[in-house]
Student: 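Can you read through this structure? Questions will come right after.
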Amino acid sequence: MNQSVRYSLEVFRPEAHLYRVTLTVPSDGVALRFALPAWIPGSYLIRDFARHVVRIEARAGQRPVKLSKLDKHTWEAPAVRGEITLDYEVYAWDLSVRAAHLDRSHGFFNGTSVFLRVLGREDWPCELDLRAPADPELADWRVATALTGARGAGGARRYGFGRYVAQDYDELIDHPVEMGRFALAHFDAGGATHDVAVTGTVPNLDLPRLCRDLAQVCAAQVRLFEPRSRRAPVDRYVFLVTAVGDGYGGLEHRASTALLCSRRDLPTKTLEAPDEAYRGFLGLASHEYFHTWNVKRIKPAAFVPYPLDRECHTGLLWIFEGFTSYYDDLMLARSGLLSHAQYLQHLGKTVQEVMRAPSRLRQSVAQSSFDAWTKYYRPDENTPNEVVSYYAKGALVAFCLDMRLRAATGGKRSLDDVMRHLWRTLGREFYQGRPRGLAEDAFVDAARAATGVDLKRDVADFAYSTKPLPLAEAFGTAGCVLAATPASLQAELGIKPKSQGSELVIGTAYDGAAAMQAGLSAGDALVAIDGLRIDAKNLGEVLGRYRPGETVRVHAFRRDELREYSVRLGHAAANYTLTPADGGPALTARRQWLGKDAWPNRKA
Ligand code: ZN
C-alpha cells in the first residue's frame, strides 16, 4: 500500500469562509490519532488552530467510522482495514499571515490551520490535491505557493490547481498557499526564480520596481552567506504579499514568506526615491528573506523538530529574531536601497525605542526569548515596563557584537563570518538529512571558531544580563557618533498615551515616573491639567508650559470616578541621534560595515 498521507483541499463555501479538507491514510489495522498544531512556527503563541474545525467525520471506504476527540486538538480513529479518510471543514476568516482566510475575493492558508497531522507518521510523504473552485465566477483563480507540483497526470502546473507533493508533514505546512487573482511578477537572484504575488487592490502599483529592489536585497543576502557560489538556498522563492488599507505583518517559511502590508507601503509609478513607507516594506521583506537562512535552516536545537502540540522554549530568539532584525535594514544599506544617513536614522530609532522602555533594566533578551509565549506575544499595559524586545534590543546586541569582532580583528572579521560559519555547519544541509540545531550555549564557541575572538564575556553581558550595552563605544568603532540630547528641559508625565475615541488614556504608566508616583495608572482617562482640558493633540503643548520638577493638578477618570492627582512633572527621556563621524578612518569603518554609500550627497 502507498505509504503516504493524501490530502485534498477545496474552496467549499467561500461565503461562509469554509474550506473542506480530506485526509486519507492507510490504517493498517492500528488506531490512528490526528491533530492540528497548537501554533505556527515563527509566531510564538499558542493559537489552537483546531478550534476552527467545524465539522469532522471519518470513514473506511464508504462505511462511517466513529472518531473520538481526545483533547482540544486531537482525534482518534479506531483500527480499520485498508484506508481511513477524514473529511472536515475549517472556518477561515483571519486575514493575517499566521492562519487562514477565505472569501469570494481570495483564499490564503497556512498548512498549520488546515492539515491534520497523523501522529507518528509525520515523516511520511504528503500529497495535496488542491481543487479548483467549482463556482464558474472563480474560474480565473490562480495559485501562488512554493510547494512542488506533482509529476505526472494531475500534477499541478505552476500557478495552477492540481496535485502538489511534500517530503513530509513539516514541509507540507511550511508552504503557505494563496489562491485568487493576484498580480504576479518574477526576478532572478542567486540562481533562483523569485515570484512576487500581490493580492489586493493597489492602484498604479509599480511591480517592476518592486522586483528590481527586492532583487538587490536578495542578491546582497545571498552574497553574505555564499560569497563564492552566490547561490540562494532555494531553487525557487515566493513572496506572497497581501495589501490592505491598514496592516502589517510577516511570517517566514523555508522557500516563501507571507507579508501583509498597507497599500501605501508599496511603490507606485509616481514614487521616486523610496519613501519611509516603502522603506519599511523593503525592511520587512528583507527580514523575512534573511530568515530563509537564519531560523528556517540555522535553527535553535529546541526547534528540531518543532513540538507542534505545545510551547517550545528557547533562550535564543535574540539571535534568530534579533540578528535578523539587525541584518534586515543593514542589507538594505549594503544593497544601496538606504543611504548611510537613512540607515543611521533607522538604527537611531531602534536605540531610542530600547532606551525609552524601563524593561531593558528588568529583563535580559535571553529571558525575553524564553518567555516569548507568555510575555512578548501577549503584551499588555505593563509590557513596556517589564518585557524587553528581543527584536529591538537583540538587533543592538548583534550590532555591539559585530563591532567587538571588528575592533578585535582590525576589521578583518565580523558578525558576517559568524553567520557564514553557522550556515556552513548547521544550515546548508538542514533539509538534506542533517537536521541539527544550535544548542542553547553554543553561540560563543561558534563565534570563536569563525573569528578566533572570545565573546564569552560580551554575550554574558549583552544577552544574559540587563547591563547597559556599550553603545557609544560600538558606534565609535562603526565610525559614527551617538549623541543623547540632555534629559532636561522638557517636562513630562512619564506615560505612553493612547487615544480612545475622543479621550486621552494612559496606555502605560512608566515604572517610577511622574504619573505612577502620583497614583495614576494605565487605563485612566486624563481630563485636565491645572483645570484646562487636555487631549491627545494638545498634551505636548500643555506640558510645554511647565518645567520638570513643577507640580500640576491632574484630573482623570478611573473607570467612571473622577479623581484629582498632584503630579510632580519629570524630565523627558533623552533623544538619541546618530550621525557619521568626521575623518577618513571613520569613513573607512562605515564603508567596511555598510558598503559604499549609495547616495553620498543626498540628504536623509
Ligand atoms: Zn522575524
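Keep in mind that what you see is a predicted model, and the values were worked out from it rather than measured.
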Student: Determine whether His101 and Phe108 satisfy the following criterion, ring pair (Phe, Tyr, Trp, His ring centres under 6.0 Å), listing intermediate values before the conclusion.
Tutor: CA-CA 5 Å; His101 184 266; Phe108 169 83; 8.5 Å; no
Student: Should Asn110 and Thr112 be marked as a side chain to side chain donor-acceptor pair (under 3.5 Å) after you check the CA-CA gap, both sets of side-chain angles, and the distance that decides it?
Tutor: CA-CA 5 Å; Asn110 285 289; Thr112 34; 5.0 Å; no
Student: Just checking, any donor-acceptor pair under 3.5 angstrom between side chains of Tyr278 and Asp213?
Tutor: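 There is such a pair between these side chains.
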Student: With a 4.5 Å limit on heavy-atom distance, are the side chains of Thr257 and Val241 in contact?
Tutor: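 Of all side-chain heavy-atom pairs linking Val241 with Thr257, none is under 4.5 Å.
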Student: Crowded around Arg547 CZ? As in, over 12 foreign heavy atoms under 6.0 Å?
Tutor: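 No, CZ of Arg547 has 12 or fewer neighbouring heavy atoms, counting only those of other groups under 6.0 Å.
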Student: Are Phe320 and Leu438 close enough, and set up right, to give a side-chain contact (heavy atoms from CB on, under 4.5 Å), and what steps lead you there?
Tutor: CA-CA 10 Å; Phe320 292 94; Leu438 182 69; 4.2 Å; yes
Student: Hey, does Lys299 have a side-chain heavy atom less than 4.5 Å from the side chain of Tyr306?
Tutor: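 Heavy-atom side-chain distance check passes, below 4.5 Å.
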Student: Are the side chains of Phe399 and Leu330 in contact, using a 4.5 Å heavy-atom criterion?
Tutor: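 Result no, sub-4.5 Å side-chain heavy-atom pair not found.
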Student: Do the numbers put Arg356 on top of the ring of Tyr510, so that NZ or CZ is under 6.0 Å from the six-membered ring centre and no more than 45° off the axis?
Tutor: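 Yes; both conditions hold, so Arg356 lies above the ring face of Tyr510.
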Student: Please evaluate residues Cys400 and Leu471 with respect to the criterion side-chain contact (heavy atoms from CB on, under 4.5 Å), reporting the C-alpha separation (whole Å), side-chain torsions for both, the decisive distance (0.1 Å), and the verdict.
Tutor: CA-CA 7 Å; Cys400 289; Leu471 288 172; 3.9 Å; yes
Student: Could you tell me which non-hydrogen atom of Ser359 sits nearest to which non-hydrogen atom of Glu386, and how far apart they are?
Tutor: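 Result for this residue pair: CB-C, 3.6 Å.
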Student: Flag the pair Phe281 / Ser262 as yes when at least one side-chain heavy-atom distance between them is below 4.5 Å, and no otherwise.
Tutor: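 No, every pair of side-chain atoms sits at 4.5 Å or beyond.
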Student: Could you tell me whether the side chain of Thr268 and the main chain of Asn204 form a donor-acceptor pair under 3.5 Å?
Tutor: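 No: the side chain of Thr268 does not pair with the backbone of Asn204.
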Student: I'd like to know if Lys349 pairs up with Glu276 as an ion pair, taking the criterion as any Lys NZ or Arg NE/NH1/NH2 lying under 4.0 Å from an Asp or Glu carboxylate oxygen.
Tutor: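 Glu276 and Lys349: salt-bridged.
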Student: Which heavy atom of Ala518 sits nearest to which heavy atom of Tyr565, and what is that distance?
Tutor: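 Of all heavy-atom pairs spanning Ala518 and Tyr565, the closest is O-CD2, 3.3 Å.
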Student: Check the pair Asp416, Arg334 against salt bridge (charged side-chain N to carboxylate O under 4.0 Å, His left out), reporting the backbone distance first and the verdict last.
Tutor: CA-CA 13 Å; Asp416 299 356; Arg334 286 191 192 162; 3.0 Å; yes
Student: Using atom types as modelled and distance alone, determine if a side-chain donor or acceptor of Thr508 lies under 3.5 Å from a backbone N or O of Glu381.
Tutor: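 Pair found, side chain donor or acceptor close to backbone of Glu381.
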Student: Measuring from Asp441:CG to Lys456:NZ, what's the distance to the nearest 0.5 Å?
Tutor: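 Here the interatomic distance stands at 10.0 Å.
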Student: Rounded to the nearest 0.5 Å, how far does OG of Ser113 lie from CD1 of Ile40?
Tutor: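 Here the interatomic distance stands at 6.5 Å.
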Student: Any donor-acceptor pair under 3.5 Å linking the side chain of Arg448 with the backbone of Leu455?
Tutor: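 It does not hold such a pair.
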Student: Walk me through it: do Asn575 and Gln352 pass the test side-chain contact (heavy atoms from CB on, under 4.5 Å)?
Tutor: CA-CA 7 Å; Asn575 251 320; Gln352 187 79 27; 3.3 Å; yes
Student: Identify the two heavy atoms, one from Leu240 and one from Pro176, that lie closest to each other, and give their separation to 0.1 Å.
Tutor: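 Between these two residues, the closest heavy atoms are CD1-O, 3.7 Å.
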Student: So, do Ile529 and Tyr546 sit near enough that their side-chain heavy atoms are less than 4.5 Å apart?
Tutor: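 Yes, their side chains come closer than 4.5 Å.
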Student: I want to check something: taking the side chain as every heavy atom from C-beta on, are Leu426 and Arg297 in contact at a cut-off of under 4.5 Å?
Tutor: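 No, every pair of side-chain atoms sits at 4.5 Å or beyond.
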Student: Examine distances only and state if a side-chain atom of Arg47 and a backbone atom of Arg98 form a donor-acceptor pair shorter than 3.5 Å.
Tutor: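 No: the side chain of Arg47 does not pair with the backbone of Arg98.
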Student: Going by atom types alone, do Thr466 and Gln363 pair a side-chain donor with an acceptor below 3.5 Å?
Tutor: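 Result is no, nothing qualifies.
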Student: Could you tell me which non-hydrogen atom of Tyr327 sits nearest to which non-hydrogen atom of Ser286, and how far apart they are?
Tutor: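 Where Tyr327 meets Ser286 most closely, the heavy atoms are O-OG, 4.3 Å.
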Student: Using 0.5 Å steps for rounding, measure from the CZ atom of Arg279 to the CG atom of Leu284.
Tutor: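 One finds 15.0 Å between CZ of Arg279 and CG of Leu284.
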Student: Would you call Val387 and Asp371 a side-chain contact if the rule is heavy atoms closer than 4.5 Å?
Tutor: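 No. Closest side-chain heavy atoms not under 4.5 Å.
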Student: Between CG of Leu332 and CD of Gln342, what distance do you get to the nearest 0.5 Å?
Tutor: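 Spacing of CG (Leu332) from CD (Gln342) equals 10.0 Å.
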Student: With a 3.5 Å distance limit and no angle check, can you tell me whether Asp511 reaches the backbone of Met516 through a side-chain donor-acceptor pair?
Tutor: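 No, Asp511 side chain to Met516 backbone: no donor-acceptor pair under 3.5 Å.
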Student: Tell me whether Asp246 is salt-bridged to Arg264, with the criterion being a basic N under 4.0 Å from an acidic carboxylate O.
Tutor: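 Arg264 and Asp246: salt-bridged.
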Student: Check the pair Glu440 / Thr314 against side chain to side chain donor-acceptor pair (under 3.5 Å), numbers first and verdict last.
Tutor: CA-CA 7 Å; Glu440 292 290 305; Thr314 170; 2.7 Å; yes
Student: For Arg568, I'd like to know if atom CZ has over 12 heavy atoms of other residues, nucleotides or ligands within 6.0 Å.
Tutor: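 Check fails, neighbour count at 12 or below.
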Student: Please work out whether the ring planes of Trp39 and Tyr44 are parallel, tilted or perpendicular, with thresholds of 30° and 60°.
Tutor: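 Rings of Trp39 and Tyr44: tilted, 30 to 60°.
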Student: Please check if atom OH in Tyr464 has more than 12 non-hydrogen atoms from other residues, nucleotides or ligands closer than 6.0 Å.
Tutor: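 Buried by this count: over 12 neighbours within 6.0 Å.
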Student: Checking Gln517 side chain against Gly512 main chain: does a donor-acceptor pair fall under 3.5 Å?
Tutor: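 Side chain of Gln517 to backbone of Gly512, a donor-acceptor pair under 3.5 Å: yes, one is there.
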Student: Find the distance between CG (Leu587) and NE2 (His340) and round it off to the nearest 0.5 Å.
Tutor: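 Here the interatomic distance stands at 8.0 Å.
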Student: For a quick check under 3.5 Å, do Thr451 and Asp417 share a side-chain donor-acceptor pair by atom type?
Tutor: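 Short answer, no.
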Student: Any non-hydrogen side-chain atom of Arg545 less than 4.5 Å from a side-chain atom of Leu532?
Tutor: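 They are in side-chain contact.
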Student: Knowing that exactly one of Tyr390, Phe462, Tyr326 qualifies, which makes a side-chain contact (heavy atoms from CB on, under 4.5 Å) with Val397?
Tutor: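 Of the listed options, the one satisfying the test is Phe462.
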Student: Under 4.0 Å between a Lys/Arg side-chain N and an Asp/Glu carboxylate O for Lys269 and Asp206?
Tutor: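 Salt bridge absent between Lys269 and Asp206.
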Student: Take the angle between the ring planes of His291 and His287 and call it parallel below 30°, perpendicular above 60°, tilted in between.
Tutor: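 The arrangement is perpendicular - the two ring planes meet at more than 60°.
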Student: Would Arg404 and Glu473 pass as an ion pair if we require N to O under 4.0 Å?
Tutor: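 Looking at Glu473 together with Arg404, the answer is yes, because their closest N to O distance falls below 4.0 Å.
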Student: Within a radius of less than 6.0 Å around CZ of Arg558, do more than 12 heavy atoms belonging to other residues, nucleotides or ligands occur?
Tutor: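 Count over threshold, so yes.
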Student: Does the pair Phe290 and Phe323 meet the rule for a ring pair (Phe, Tyr, Trp, His ring centres under 6.0 Å), with working shown?
Tutor: CA-CA 10 Å; Phe290 197 84; Phe323 284 25; 9.1 Å; no
Student: Has Arg559 got a side-chain atom pairing as donor or acceptor with Gly523's backbone, closer than 3.5 angstrom?
Tutor: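 Checked: no pair found.
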Student: Measure up the Tyr289 and Trp293 rings against each other and bin them: parallel (under 30°), tilted (30 to 60°), perpendicular (over 60°).
Tutor: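 Perpendicular.
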Student: Compare every heavy atom of Pro300 with every heavy atom of Val295, then report the nearest pair and how far apart it is.
Tutor: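 Shortest heavy-atom contact: CG2-CD, 4.4 Å.
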Student: About how many Å separate CE of Met419 and CD1 of Ile319, when rounded to the nearest 0.5 Å?
Tutor: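 That separation rounds to 8.0 Å.
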Student: What's the shortest heavy-atom distance between Gly42 and Tyr377, and which atoms?
Tutor: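 Taking every non-hydrogen atom into account, O-OH, 3.5 Å.
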Student: Test side-chain contact (heavy atoms from CB on, under 4.5 Å) on Val388 and Gln367 and set out the steps.
Tutor: CA-CA 9 Å; Val388 74; Gln367 287 169 325; over 6 Å; no
Student: Other residues, nucleotides and ligands only: do more than 12 of their heavy atoms fall within 6.0 Å of CG on Asp582?
Tutor: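 Counting other residues, nucleotides and ligands, CG of Asp582 stays at 12 neighbours or fewer.
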Student: Mark yes or no for whether Trp373, through its side chain, and Cys312, through its backbone, hold a donor-acceptor pair below 3.5 Å.
Tutor: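 Here the side-chain-to-backbone pair exists.
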